[in-house]
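Excluded from the calculations below are hydrogen atoms, water molecules and symmetry mates; all remaining heavy atoms, backbone and side chain alike, are included. Convention: sequence-line order gives letters A, B, ...; per-chain numbering from 1.
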Number of protein chains: 2
Amino acid sequence: MMEITLDTKTPIYPIRTAAQLLGISVPTLRMYEKEGLIIPHKTDGNQRIYSEDDLERLRCIRRAINESKISINGIKTIYSLIPCWEVVKCSEEDRKICNAFQSHAQPCWTFNHPNTTCENRDCRDCEVYTEYSQCGSIKDLIKKISGIAT
Amino acid sequence: MMEITLDTKTPIYPIRTAAQLLGISVPTLRMYEKEGLIIPHKTDGNQRIYSEDDLERLRCIRRAINESKISINGIKTIYSLIPCWEVVKCSEEDRKICNAFQSHAQPCWTFNHPNTTCENRDCRDCEVYTEYSQCGSIKDLIKKISGIAT
DNA sequence: ATTAGTTGATACCCAGAAATATCAACTTTC
DNA sequence: GAAAGTTGATATTTCTGGGTATCAACTAAT
């Protein structure tokens, strides 16, 4: 017998397996990544590996595309509206020079953030990326920062 | 000679003229309305009339669709993220029962708001509708309500 | 070192969203 | 009151975004 640790954050699925579990093709998964919708782990040999959390995020994205009929650029725009500055608590100086703070076309995690508190962070582990993959939670965050009890 | 008052809010263009000025067809304009992207004025005889502001809003919508490649449902979702409660300053009781406050699929002005402060308002004149037709201003509003100097 | 799977890149396909056309009934204009 | 324009509704067309197939070069496993 062996002990199995179930950690939804641990990357375990190679791209082919992930694609099969989601019912889509491998190039589609690569496309989502290129568009900045997901940030999969990579092995030392530069191969993608997906965690259970990654799959859940992807299912959410697929629902947005197939059920809610939101285009990929639409999703990117919505992600760009996440008030990341409130999540990472960056300074006013950071915000002034941050490309993500200005953008309303691409998610913050698709930028590199030179000279900000995000500079050396791994966006993949950032709450902005992990917690706000669906519209409901994004709107809830906006409610929260406006000082409202939801 | 006659005095001409230029008021960008006054509805003057019938639908055919508006369509021509925008370079699109009449059914398309009706479609945008049915989708909840615009709220044109109507005459007593139920005919649509568009103001200069309406045209500007429509140009913005067209850019989102044609240049930014955001689908109509994407635009609706983005509009639904506008923190309207902060603009109209509705009460906690209002928010509790407000469909728009909950939704993240349709703009608030596509709901009727029974028993709230918005109930008897004309959404067409509401700042939520008039001021936040583009992503840039929406993100600016989110920044503002999080207490940030933009 | 051979087999299986991956990489990035390019070329291709097609469902369906976006836009248009068309209709009879109605409104406005002159 | 006749002509021009509009209404809502439905049917039809256009076109491209989302997805796939395929490739040679690379990585991983046994």
With a cut-off of less than 4.0 Å, is there a side-chain N or O of [X] near OP1 or OP2 of [N]?
X     : N      : result
B:K42 : D:dG8  : yes
B:S25 : C:dA19 : no
A:Y32 : D:dG19 : yes

Could you tell me the separation between the [atom1] atom of [X] and the [atom2] atom of [N], rounded to a whole number of Å?
X     : N      : atom1 : atom2 : value
A:L22 : D:dG19 : CG    : P     : 12 Å
B:L29 : C:dA19 : CG    : C1'   : 11 Å
B:I61 : C:dA18 : CD1   : P     : 13 Å
B:D44 : C:dT28 : CG    : P     : 7 Å
A:I24 : D:dA21 : CD1   : C1'   : 15 Å
B:Q20 : C:dT20 : CD    : C1'   : 15 Å
B:Y50 : D:dT6  : OH    : P     : 10 Å

Query raised in the report: Of the candidate nucleotides C:dT20, D:dG19, C:dA18, which contains the atom at the shortest distance from the side chain of A:M31?
Result: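 Closest of the options to the side chain of A:M31: D:dG19.
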Query raised in the report: Side chain of B:T43: nearest nucleotide among C:dT28, D:dG18, D:dG8?
Result: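 Comparing C:dT28, D:dG18, D:dG8 against the side chain of B:T43, the answer is C:dT28.
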**Report entry** Note: B:R59-B:D54 ion pair, threshold 4.0 Å (strictly below)
**Finding:**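 No salt bridge links B:R59 with B:D54.
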**Report entry** A:E33/A:K42 ion pair, N-O < 4.0 Å
**Finding:**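 Salt bridge: yes.
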Query raised in the report: Within the distance-only criterion (no hydrogens, no angle test), does the side chain of A:D122 pair as donor or acceptor with the backbone N or O of A:R124 below 3.5 angstrom?
Result: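 Judged by distance alone, yes, a pair lies under 3.5 Å.
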Could you go over nucleotides 14-17 of chain D and give all protein N or O partners under 3.5 Å, atom names and distances?
residue, atom, partner, partner atom, Å
D:dG17, OP1, B:K69, NZ, 3.1

Query - side chain to side chain contact (heavy atoms under 4.5 Å, CB included) between B:V88 and B:C126, worked out - result: CA-CA 8 Å; B:V88 302; B:C126 178; 3.8 Å; yes
Report task. Show your reasoning for whether side chain to side chain contact (heavy atoms under 4.5 Å, CB included) applies to A:I72 and A:M31. Result -> CA-CA 10 Å; A:I72 289 181; A:M31 196 248 286; 3.7 Å; yes
Query - Pairs touching residues 22-48 of chain B that satisfy ring-ring contact (aromatic ring centres under 6.0 Å, His included), sequence neighbours left out - result: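 Sorted pair list comes back empty.
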Requested in this report: Sorted by first residue and then second, give each ring-ring contact (aromatic ring centres under 6.0 Å, His included) pair with at least one member in residues 51-81 of chain A; sequence neighbours left out.
Outcome: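 The answer is A:Y79-A:W109.
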Query raised in the report: If we fit an axis to the first five pairs and another to the last five of the helix from C:dA1-D:dT30 to C:dC30-D:dG1, what angle do they make, to the nearest 10°?
Result: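 Roughly 30°, once rounded to the nearest ten degrees.
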**Report entry** Results of ring pair (Phe, Tyr, Trp, His ring centres under 6.0 Å) for A:Y50 - residues two or more places apart only
**Finding:**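 By the ring pair (Phe, Tyr, Trp, His ring centres under 6.0 Å) rule, A:Y50 matches no residue at all.
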With 3.5 Å as the limit, what N/O pairs link the protein to nucleotides 4-6 of chain C?
residue, atom, partner, partner atom, Å
C:dT6, OP1, A:R16, N, 3.3

Query raised in the report: Hey, does B:L141 have a side-chain heavy atom less than 4.5 Å from the side chain of B:P83?
Result: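 Yes - at least one pair of side-chain heavy atoms lies under 4.5 Å apart.
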Query - A:Q102 CD to A:C108 SG distance, which is reported to the nearest 0.5 Å - result: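 Reported value, rounded in 0.5 Å steps: 13.0 Å.
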